[in-house]
Engineer: 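Quick one: the structure is below, questions incoming.
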Amino acid sequence: QVQLVESGGGTVQAGDSVRLSCASSGRTLRSAAMGWFRQAPGKEREFVATISWGGGSTYYADSVKGRCTISRDNAKNTVYLQMNSLKPEDTAVYYCAATYRRNIATSGREYDYWGQGTQVSVSS
């Protein structure tokens, strides 16, 4: 069983940085592709970033490219999302997700395990 727990969210000012963490208890994430998604109020969930199980491949949404970095520490069973130069439009609940069915995935349909989410609020 995989239980994902996100942390690191909060309220920040535009231009600030935040690092989100996603830790797993139970099954190791070593062989899982990991993704970050977000959902703003009144909007559909959208893809943010993904990293392959080995960490060698990453992919980002255009809206965050150049401002975000996804990384993983398999020894700690943890995945991170570093977000810089935050904008008010980055305000959302951020979710991490895991899949053992794909090496890397940008669609939420490919993911089988989800965390409960962490709120990031960016004020102007």
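Atom set for the values below is all heavy atoms of this structure, side chains included, hydrogens, waters and symmetry mates excluded.
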Engineer: Give a yes or no on whether the backbone of Pro88 and the side-chain of Ser124 come within a donor-acceptor separation of less than 3.5 Å.
Structural biologist: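 Side chain of Ser124 to backbone of Pro88, a donor-acceptor pair under 3.5 Å: no, none is there.
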
Engineer: Any idea which heavy atoms bring Asn84 and Ser17 closest together, and the distance?
Structural biologist: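 Between these two residues, the closest heavy atoms are OD1-OG, 2.9 Å.
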
Engineer: Applying salt bridge (Lys or Arg N to Asp or Glu O under 4.0 Å), which residue pairs with at least one partner in residues 79-88 are found, sequence neighbours left out?
Structural biologist: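 Sorted pair list comes back empty.
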
Engineer: Could you tell me the separation between the CD1 atom of Ile51 and the OH atom of Tyr59, rounded to the nearest 0.5 Å?
Structural biologist: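 If I round to the nearest 0.5 Å, the distance is 15.5 Å.
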
Engineer: Do you know which two heavy atoms are closest between Gln119 and Val93, and how far apart they sit?
Structural biologist: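 That would be OE1-CG2, 3.2 Å.
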
Engineer: For residues 39-60, which residue pairs pass the salt bridge (Lys or Arg N to Asp or Glu O under 4.0 Å) check, not counting sequence neighbours?
Structural biologist: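 Listed once each, the pairs are Arg38-Glu46.
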
Engineer: Which residue pairs satisfy the disulfide bond (SG atoms under 2.5 Å apart) criterion with at least one member in residues 69-114, sequence neighbours excluded?
Structural biologist: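 As it turns out, the disulfide bond (SG atoms under 2.5 Å apart) pairs with a partner in residues 69-114, which skip direct neighbours, are Cys22-Cys96.
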
Engineer: Same cluster or not: Val18 versus Tyr80, using hydrophobic residues (I, L, V, M, F, W, Y) connected whenever any side-chain heavy atoms lie under 4.5 Å apart?
Structural biologist: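 Val18 does not cluster with Tyr80.
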
Engineer: Output the distance between atom CZ (Arg19) and atom OG (Ser7), rounded to the nearest 0.5 Å.
Structural biologist: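 Arg19 CZ to Ser7 OG: 9.0 Å, rounded to 0.5 Å.
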
Engineer: What's the spacing between Thr78 OG1 and Met34 CE if we round to 0.5 Å?
Structural biologist: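 These two atoms lie 9.0 Å from each other.
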
Engineer: Who passes ring pair (Phe, Tyr, Trp, His ring centres under 6.0 Å) against Tyr111, sequence neighbours left out?
Structural biologist: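 With sequence neighbours excluded, Tyr111 shows a ring pair (Phe, Tyr, Trp, His ring centres under 6.0 Å) to Phe37, given in chain and number order.
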
Engineer: Which heavy atom in Ala32 sits nearest to a heavy atom in Ala98, and how many Å separate them?
Structural biologist: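 Closest approach of Ala32 to Ala98, heavy atoms only: CB-CB, 4.3 Å.
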
Engineer: Is Trp114 reachable from Val79 through a run of I, L, V, M, F, W or Y residues, each pair having side-chain heavy atoms under 4.5 Å apart?
Structural biologist: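 The answer is no; the residues belong to distinct hydrophobic clusters.
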
Engineer: Would you mind listing every salt bridge (Lys or Arg N to Asp or Glu O under 4.0 Å) that reaches into residues 52-71, with sequence neighbours excluded?
Structural biologist: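 Matches after skipping sequence neighbours: Asp62-Lys65, Arg67-Asp90.
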
Engineer: What pairs with Arg109 under side chain to side chain contact (heavy atoms under 4.5 Å, CB included), at least two apart in sequence or on another chain?
Structural biologist: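 Residues passing side chain to side chain contact (heavy atoms under 4.5 Å, CB included) with Arg109: Ser107.
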
Engineer: With sequence neighbours excluded, tell me which residues meet salt bridge (charged side-chain N to carboxylate O under 4.0 Å, His left out) with Arg102.
Structural biologist: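 Expected list: Glu110.
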
Engineer: Might you confirm whether atom CD of Gln3 has over 12 heavy atoms from other residues, nucleotides or ligands at distances under 6.0 Å?
Structural biologist: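 No - once you tally the heavy atoms of other residues, nucleotides and ligands closer than 6.0 Å, there are 12 at most.
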
Engineer: Name all residues meeting the side chain to side chain contact (heavy atoms under 4.5 Å, CB included) criterion together with Val2; count only those two or more places apart in sequence or in a different chain, and write none if there are none.
Structural biologist: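 Counting only residues at least two positions away or on another chain, Val2 forms a side chain to side chain contact (heavy atoms under 4.5 Å, CB included) with Leu4, Ser24, Arg27, Leu29, Tyr100, Tyr113.
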
Engineer: Remaining members of Trp53's ILVMFWY cluster at a side-chain heavy-atom cut-off under 4.5 Å?
Structural biologist: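 Hydrophobic cluster check, Trp53: no partners found.
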
Engineer: Can you sort out the partners of Ser57 under side chain to side chain contact (heavy atoms under 4.5 Å, CB included), two or more places apart, ordered by chain and number?
Structural biologist: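 With sequence neighbours excluded, Ser57 shows a side chain to side chain contact (heavy atoms under 4.5 Å, CB included) to Ser52, Ile104, given in chain and number order.
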
Engineer: Would you give the length of the straight line joining atom CG of Asp112 to atom OG1 of Thr99, rounded to the nearest 0.5 angstrom?
Structural biologist: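 It comes to 4.5 Å.
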
Engineer: Checking Asn77 now: which residues fulfil side chain to side chain donor-acceptor pair (under 3.5 Å) with it, not counting sequence neighbours?
Structural biologist: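 Here the qualifying residues are Thr28.
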
Engineer: In the hydrophobic cluster built from side-chain contacts under 4.5 Å, what are the other members alongside Val5?
Structural biologist: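 Val5 clusters with nothing; isolated.
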
Engineer: Could you grab the distance from atom CH2 of Trp36 to atom CZ of Phe47, nearest 0.5 Å is fine?
Structural biologist: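 So the CH2 of Trp36 and the CZ of Phe47 are separated by 13.0 Å.
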
Engineer: Tell me whether Tyr95 is reachable from Ile70 by hopping between hydrophobic residues (I, L, V, M, F, W, Y) whose side-chain heavy atoms are closer than 4.5 Å.
Structural biologist: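 Shared cluster, no.
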
